[in-house]
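Reading through the structure tokens given below for one structure.
By convention in this document, chain letters (A, B, ...) are assigned in the order of the sequence lines, proteins followed by strands, and residues within each chain are numbered from 1.
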Number of protein chains: 2
Amino acid sequence: MSNEPLLDRTQLGAYFALVEVAGLLRHAVDQQLRDVGDLSYVQFQLLARLGESSAGTQRMTDLADGVVYSRSGLTYQVSLLEKAGLLTRGASPEDERVVTVAITEDGRERLAAVLPGHAAIVRDLLFGPLSHDDARTLERLLEPVRDHMRSAPPRSAASRRPKGGRERP
Amino acid sequence: MSNEPLLDRTQLGAYFALVEVAGLLRHAVDQQLRDVGDLSYVQFQLLARLGESSAGTQRMTDLADGVVYSRSGLTYQVSLLEKAGLLTRGASPEDERVVTVAITEDGRERLAAVLPGHAAIVRDLLFGPLSHDDARTLERLLEPVRDHMRSAPPRSAASRRPKGGRERP
DNA sequence: TATTGTTATACTCTATAACTATA
DNA sequence: TATAGTTATAGAGTATAACAATA
């Protein structure tokens, strides 16, 4: 074994900063979503995804895509949101295995109620110390990383895609 | 209310990329720590902090600093690590209220067992698509953000510092 | 046989509040 | 009175595996 560290100082610094920034940001946003909208971050993400989609509907599988957890976790969260009246589940005409999820009017309102505060926190906390050029740079750096991570299956859990991870076809 | 969005496209893109990158990275690292070292990420962080400190010891309060959770959560995690023999708790001679936590030899070994794989994942997943200059830029952008977040108390939880959050003195 | 989704279950983690003790 | 830490307890979230139904 060599003595060379796998990460140099710069990389370590960037890594720790990234983890801490994301953690603190997530925590702050979590709190706001909980206080204002009685939503967890995951629930917010699901609603936001539905809200963005043109028809306001998506299949369960597509909904899970990118949101990192198990199928059962998705069922659990969607059940909660359905109970709260923020979305509905319905059968799909074409493929009877598929469940189509649709955001409700209440869901849209909840989303609208929560968005401004959410955006304000992100603007103040994350972009407060950054220029607009910095934001552009951050985006330019992180998007390739995200794409790379999406396509890289975790070494240990190689078997049957635990998350939205794409496998080579 | 104005119609101006609080975040522009670039900021939104950077924000989402940051959240997803951190989430996927965290997930991958979590898995590795669990598989190789039977440690959660938080437990790893605690051990790593102790390992870095010169004497291998720290007060509970200092240990919590920066790691985002409640006091009781820290007690819980430290108890687990103590049960596993990876650290010890002892009284402090000066201030009898203080508990001093020290990493054990087993703790150091566990850390050493886990670090190379950990670093490898970070190097491949996070820095794979980035040049060294990119890493430097990332660090330069994120460190001020981290400092800013550390000093910014979350609007809603203003009261008695729920985490390692600094309050103005 | 593979895919979509649900259920049951067990476990981990986190947070709140009440508590003890020292300063 | 304020600080350091623990405990009890309750709740939310997650993962695994077994399952049913459809393709």
Atom of [X], atom of [Y] and distance for their closest heavy-atom approach:
{"X": "Gln32(B)", "Y": "His118(B)", "answer": "NE2-N, 3.3 Å"}
{"X": "Leu50(B)", "Y": "Ala102(B)", "answer": "CD1-C, 4.4 Å"}
{"X": "Val122(B)", "Y": "Val29(B)", "answer": "CG2-CG2, 4.2 Å"}

Could you state the atom-to-atom distance from [atom1] of [X] to [atom2] of [N] in whole Å?
{"X": "Leu33(A)", "N": "dA12(D)", "atom1": "CG", "atom2": "P", "result": "16 Å"}
{"X": "Glu96(B)", "N": "dT22(C)", "atom1": "CD", "atom2": "C1'", "result": "8 Å"}
{"X": "Arg97(B)", "N": "dA2(D)", "atom1": "CZ", "atom2": "C1'", "result": "8 Å"}
{"X": "Asp95(B)", "N": "dT20(C)", "atom1": "CG", "atom2": "P", "result": "20 Å"}
{"X": "His27(B)", "N": "dT14(D)", "atom1": "NE2", "atom2": "C1'", "result": "9 Å"}
{"X": "Asp35(B)", "N": "dA15(D)", "atom1": "CG", "atom2": "P", "result": "13 Å"}
{"X": "Arg59(A)", "N": "dT22(D)", "atom1": "CZ", "atom2": "C1'", "result": "13 Å"}
{"X": "Gln58(B)", "N": "dG5(D)", "atom1": "CD", "atom2": "P", "result": "11 Å"}

*Just jot down the salt bridge (Lys or Arg N to Asp or Glu O under 4.0 Å) partners of Arg59(A), sequence neighbours excluded, or say none.*
Asp62(A)
*Mind checking what makes salt bridge (Lys or Arg N to Asp or Glu O under 4.0 Å) contact with Glu143(A), not counting sequence neighbours?*
Arg146(A)
Polar atom pairs (N or O), protein with nucleotides 6-13 of chain C, under 3.5 Å:
from, atom 1, to, atom 2, distance (Å)
dT6(C), OP1, Arg89(A), NH1, 2.6
dT6(C), OP2, Thr75(A), OG1, 2.7
dC13(C), OP1, Arg34(B), NH2, 3.4

*Verify the distance criterion only: is there a donor paired with an acceptor across the side chains of Ser131(A) and Asp134(A) at less than 3.5 Å?*
yes
